[in-house]
Each structure stands twice: as C-alpha cells, then as structure tokens.
Amino acid sequence: MNKKLISVTVETMDGEEVVIEVNIENKVIHLMRKAAQEIGIEADIRLYDLILGDQRLDPEAKIEQTPIRDGSRVRLERRPRVG
Amino acid sequence: MHPIATNRLLNQHLKKIEHRIDRYKWKIGIKGEVLFVEMYHRPTRELYHMAIVADEYPLVPVAVHFLPVAPRVGEAKWPFDGHFVFRTNSNPPFICLGGVRSFIPEALETTASLGMDEINIGAVLTNIDRALHDPRYSGPVYLRL
C-alpha cells in the first residue's frame with residue numbers, strides 16, 4: 001500500500017462533496033484542481049482557496065507540509081466578490 | 001416562487017452544509033422565507049444576529065440585515081471592517097458581497113454574471129463568516145435603527 005496516498009473530502013460552498021485521493025508529495029493546488037475537475041468547476045482555480053478549519057492553505061505548499069491528513073475535510077471556497 | 005417551495009429549497013440547501021453549521025456553531029431558524037442567523041466572531045465570541053430575507057430565492061439573491069443583540073435593542077449590531085464588506089458608513093448600511101442582494105459590482109461587472117455558486121445560501125453564509133473573520137475586522141459597531 002502506498003503510504004503517500006491519502007483520501008481527502010473536499011466540500012464546496014454549497015455543500016457538495018467529493019473524496020479525492022492524492023499523493024502527499026503533491027502541492028495543494030494539485031488537490032484543488034483534482035477536486036474542481038471532479039465537481040465540474042470550470043472557473044480558474046486561482047479564484048479559489050482551500051480551507052481547513054479556519055486556515056487558508058498555501059496552494060504552492062506540498063500537502064505533507066500542511067495539516068491535511070488522511071480523512072481530512074477541506075473546503076474549496078471561491079473568493080467572494082466585494083464591490 | 002411560492003413561499004412553501006422557497007422554504008423547502010432553503011431547508012434542502014442548509015441540510016447540505018449541516019457539517020459546517022455544526023463546526024462553526026451557527027444557529028439558524030427559518031420562518032417562511034426568512035432565516036434568522038446567529039453567528040459568532042470566533043476569536044472574541046462576539047455575537048451577531050442577522051435576518052436573511054429569501055423571497056424569490058434562488059432567482060434573486062437574498063437580502064441580509066444585521067439586527068440588534070440584547071440588551072442594546074434600539075441599535076443594530078454590525079461588524080466593523082473598515083467599510084470593506086460591511087458598509088456601515090452608508091445610510092442605510094449594507095453588505096457589499098457577491099451573492100447578496102445589496103452587492104454593487106465593480107464598474108465592468110454586472111450582477112448578471114453571478115452564478116448559483118455565489119447566490120446559494122451556503123455560499124452566502126460562508127462568505128459572511130469569512131468576512132467576519134477577515135483581518136480587517138476590528139469589532140462591532142452599533143447603528144441606530
């Protein structure tokens with residue numbers, strides 16, 4: 001079994017959920033892109049943040065450098081428009 | 001849209017984010033097409049109350065109003081963030097956030113470009129919570145009703 005593969009639940013703002021399998025050596029943005037593809041998000045992923053609890057994760061960080069673990073639940077959040 | 005259908009849809013959409021409601025300890029009551037929401041600024045435990053009017057949801061974005069919090073019942077309690085999202089320097093005050101009825105887009109955008117992912121009640125609540133926890137937030141301000 002590949003110990004570097006973990007399963008992460010990614011939820012959207014409106015409550016849709018997908019479970020994504022990802023290698024912890026990948027960057028956070030890789031998880032974001034995979035989730036976006038699975039959910040069917042067509043907008044530029046750079047408009048989104050990945051949130052764990054109250055923490056916004058650095059898209060360029062490797063997953064293993066973040067608090068994401070196997071079974072973690074994160075939220076893919078589109079940055080709101082402010083007028 | 002018929003009020004009963006709106007109410008049912010709101011309940012369905014809120015059920016989809018019940019994990020988030022529990023995690024952030026939001027309290028939400030629905031009466032017809034109006035949601036009454038209690039939300040905390042988590043680091044300081046400062047409490048805010050909102051009425052969210054969802055008539056015509058999801059065809060029209062919801063309208064959000066901050067309410068008084070006891071014991072100061074003659075004044076609405078608003079978050080202050082330097083007039084970034086919470087425009088408390090306006091009369092009347094309003095929330096300038098995509099997905100909320102009072103949103104005033106930048107010059108080149110129109111409200112027609114808003115998608116369901118912004119108008120959805122889960123997104124609106126999450127974005128208000130996000131604005132409440134933005135570094136610009138510095139506490140409550142009380143505005144006479």
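This one's a predicted model, so the numbers in the text were calculated from it and none came from an experiment.
At least one donor-acceptor pair closer than 3.5 Å links the side chain of Arg20(B) to the backbone N or O of Met13(A).
Connection of Leu52(A) to Ile45(A) is established within a shared hydrophobic cluster, with ILVMFWY side chains joined at heavy-atom distances below 4.5 Å, either directly or through further cluster members. Residues Ile17(B) and Ile51(A) do not share a hydrophobic cluster, defined by chaining ILVMFWY side chains whose heavy atoms lie under 4.5 Å apart. Ile29(A) and Ile20(A) fall within the same hydrophobic cluster, where Ile, Leu, Val, Met, Phe, Trp and Tyr residues are linked whenever their side-chain heavy atoms come under 4.5 Å apart, directly or through other members. Cluster membership check: Tyr24(B) shares its hydrophobic cluster with Ile52(B), using side-chain heavy-atom separations under 4.5 Å among Ile, Leu, Val, Met, Phe, Trp and Tyr.
Taking Gly122(B), Ala131(B), Cys96(B) one by one and counting their heavy-atom pairs under 4.5 Å with chain A, the maximum is reached by Cys96(B). Chain A forms more heavy-atom pairs under 4.5 Å with one residue of Glu18(B), Arg87(B), His133(B) than with any other, namely Arg87(B).
Contact annotation: the side chain of Arg56(A) approaches that of Arg130(B) to within less than 4.5 Å [non-hydrogen atoms, C-beta and beyond]. Residues Glu16(A) and Asn120(B) have side chains not in contact (no heavy-atom distance under 4.5 Å, counting atoms from C-beta outward). Inter-residue side-chain proximity for Glu17(A) and Lys16(B) is flagged as unmet; no heavy-atom pair is nearer than 4.5 Å.
Within 6.0 Å of atom CD in Gln37(A), 12 or fewer heavy atoms from other residues, nucleotides or ligands are found, so the atom counts as exposed in its surroundings. Environment of CZ in Arg42(B): crowded, with over 12 heavy atoms of neighbouring residues, nucleotides or ligands closer than 6.0 Å. Open room surrounds CD1 on Ile4(B); 12 or fewer heavy atoms of other groups in view lie less than 6.0 Å from it.
Asp129(B) contributes atom CG, which lies 7.0 Å from atom CG of Asp54(A) (distance to the nearest 0.5 angstrom). Rounding to the nearest 0.5 Å places CG of Asp14(A) at 12.0 Å from CG of Leu125(B). Distance check, rounded to the nearest 0.5 Å: CZ of Arg78(A) to CG of Asn127(B) gives 10.0 Å.
In this structure, chain A has heavy atoms under 4.5 Å from both the backbone and the side chain of Phe84(B).
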